[in-house]
Structures are given as C-alpha cells and as structure tokens.
Number of protein chains: 2
Amino acid sequence: MRSDCPLNYGIEIFGDKWTLLIIRDLMFFGKRYYNEFLSSAEGIATNLLADRLAMLEKEKIIRKGKDSQHKQKIVYSLTEKGIDLLPVILCIGLWSDKYASIKLNPNRDLIIGDAKKNLPRGIDKMKKNLLKEHVKLKMKNEE
Amino acid sequence: MRSDCPLNYGIEIFGDKWTLLIIRDLMFFGKRYYNEFLSSAEGIATNLLADRLAMLEKEKIIRKGKDSQHKQKIVYSLTEKGIDLLPVILCIGLWSDKYASIKLNPNRDLIIGDAKKNLPRGIDKMKKNLLKEHVKLKMKNEE
DNA sequence: TTGTACCGCTTGTGTTTTGCAAGTGGTGCA
DNA sequence: TGCACCACTTGCAAAACACAAGCGGTACAA
C-alpha cells in the first residue's frame, strides 16, 4: 500500500483497465465462466484475465466454485465484498451517462436509468437481488 | 473506446493508479499546484503527473489557470465534470472503509463518516460547496 | 542588469505491465 | 482410445511506468 487513504485502497485493487469490467460482467450480465469473460466487448487477453481472477479471489471479491452441471467448468461468483462494489460501478456509470458523447448501449441504459431515478433505493434493491443469488451459490458450493 | 458501455467510458479515463488521486487532492485537500500534487503520500512521478494533468485538461475534468498572487504558478481546478466525480470517489472511499484492514487516516475518516451518515444528502451538500468555489475560480480566471 | 531561486515540465534509462498469439496439461464424453 | 473443450501458461514485442536528472522560462532581489 502506498498510503493509508481509503480511496487509495480501492484504487490499488481495481484501479486498472480490466478489473471492474470483470466485476460488471458478474454483476449485470450473469457471466460466470472464463470463456464468458473473454467474450466481452472490450476483449481482455487470456493472461490478463487469469491474472485478475486470481487477484480478485485473493482479495476475496470473487469466489471459485465447481459447476455441478458442466463438470469441466469453473464457476466464478461475487462475494459480499464484491457485491458491495455495486455503488461504485453505478456511480461511474451515472457519471459516464452524463458526460460520454458516445451512444449508450440501450441494455445498460435500462440499468443506469433505474439507478438514476431512485438512488440509493435502487441500489439497495439491486444489492438484495445479488445477495440472494450469492447465498444460493454459496450453499450450492458447500453441498 | 473499446466498447459502448458507460462503465467503460469512465474506466478508460480514470482507470489507473493515479488519476483519481489527483482529483481527490483537488477535491478534498485543496491542492492546486503541481508541487502540491507531487507531495502527496503516494508519490507520483513528475512525468506521470504532467501526463495526467494534460489528459484531465483535455477531458475537461480540470482547468488550468493563472495565479494572481504568485505569478509563476499555474492553478489547477476542477470543472463541473470533475466535481461530478465526487460520488465516485466517495463510493470507493466507503467501500474501502468497510473492507480495508489498514488503519484509516482520521482526517479522511471525517469526510467518509459524513458521507456514510447521509447519502445522498451529504453528497449534495459537498457538491454545492465545490461548485461555489468552482464559480469563484472561473470568474477570477476570466477577469 | 545580472544572478539566483523556483516554477512547471521534459528527457533518458531501466523495469514492469500489457497485448497478442500460440500452445499446454487436464478432464469428460463419444 | 481419441477428440473436443476447459482453464490457464508461455514467449515475445510494445507500451506504460518509475526514478533521476536536467531544461527553459519567469520573477524577484541585489
């Protein structure tokens, strides 16, 4: 750690071009598998993805699990620490929505639109949904 | 731009280890001069600082001005686009406050504590203060 | 008018991280 | 037994970063 500033703590973990995108994929697009992260629009490289997934697991932001259906596959899911990044991601999304000149993807605009209307109630609701899923997956993995 | 995702727009601008720290310094610690940014705890290098300041100015997140008191110096200040990053920075701070094992700097804890108690009212109040200063500086520069 | 201190910023260098392509070892299923 | 597919590694070139030194310009004091 470079300093005792709380902002810096977050930046040292997800202050790069890829980490938050992986979390976004888990959080909003239901992606769970290595291959799914690779197929995202931004096009992360395989070595960087492996590196980030390992880091996120070490930081206890995501968790590795086995897929009972497809036994070769590894399931990645958010921990509560990861789910708590929801406000961070929404804030960045809202800011970008306000200032980006690019056309926004309508799917994402739906999410952003919801958050824009009622903050922080919208965040709470979304968080609850994510937590429900989180608990389900946790139980599944511990079976 | 790698994609049309709004999250990605923000990440492409401030998704690195330094940019948000500079904005933090402007926003919370009243830093205005090149030298002041250099003296922050994290220790940014001079070339990287110059690079990020130029980028932030290009993105219209900060603005360069002349100092009427100390004529050699260049004054950097946040634009409204920059001020609107306040929620992003606070969200990261709150998350870190919850999960960082490190001891937090008490000065920063004050700010974080305020934000924790009443979001988004706390954010609104802080934003208003920042905007007041922003207008003042703008007028000064246009004299 | 000259000297000096200080300003933002650049340059040069070695190191680390990234980006891209190809390949590897391991597992499950036909 | 063979093949397809899985997460992940390796090799290499290019870019970004970190660190130290230095540069041109301005202001102010002698």
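A note on names: the letters A, B, ... follow the listed sequences, proteins ahead of strands, and every chain is numbered from 1.
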State plainly whether the residues D16(B) and R52(B) are in salt-bridge range, i.e. N to O under 4.0 Å. yes
One would report the end-axis bend of the helix from dT1(C)-dA30(D) to dA30(C)-dT1(D), five pairs per end and rounded to 10 degrees, as 0°
Touch class at under 4.0 angstrom, heavy-atom based, for F37(B) against every strand present: nothing
Which nucleotide in the list dT10(C), dT9(D), dG19(C) gets nearest to the side chain of L48(A)? dG19(C)
Roughly, in whole Å, what's the span from NZ in K17(B) to C1' in dC17(D)? 12 Å
Identify whether NZ of Lys or CZ of Arg in K73(A) sits under 6.0 Å from the centre of the six-membered ring of Y33(A) and within 45° of that ring's axis. yes
For I74(A) and dT9(D), what is the distance between atoms CD1 and P respectively, to the nearest whole Å? 10 Å
Checking dC9(C), dC7(C), dA7(D) against the side chain of K73(B) (C-beta onward), the nearest is dC7(C)
Given dT18(C), dT10(C), dA7(D), which nucleotide is nearest the side-chain atoms of A50(B)? dT10(C)
Using whole Å, report how far CH2 of W18(A) lies from C1' of dT17(C). 13 Å
5'-most by nearest nucleotide on DNA chain D - D51(B) or T46(B): D51(B)
Thinking salt bridges, do R63(A) and E57(A) make one under a 4.0 Å N-O criterion? no
Are F14(A) and W95(B) close enough that their ring centres sit under 6.0 Å apart? yes
Using a 4.0 Å cut-off on protein heavy atoms (strictly under), produce a 5'-to-3' string for nucleotides 25-30 of chain D with B for base contact, S for backbone-only sugar-phosphate contact, and - for none. BBS---
Ionic contact status for D84(B) with K127(B), cut-off 4.0 Å: yes
Stepwise, does the side-chain hydrogen bond (donor to acceptor under 3.5 Å, both in side chains) test hold for K31(B) with S40(B)? CA-CA 10 Å; K31(B) 300 197 177 184; S40(B) 285; 2.8 Å; yes
Would you please confirm or rule out a distance under 4.0 Å between OP1 or OP2 of dC8(D) and any side-chain N or O of R52(A)? no
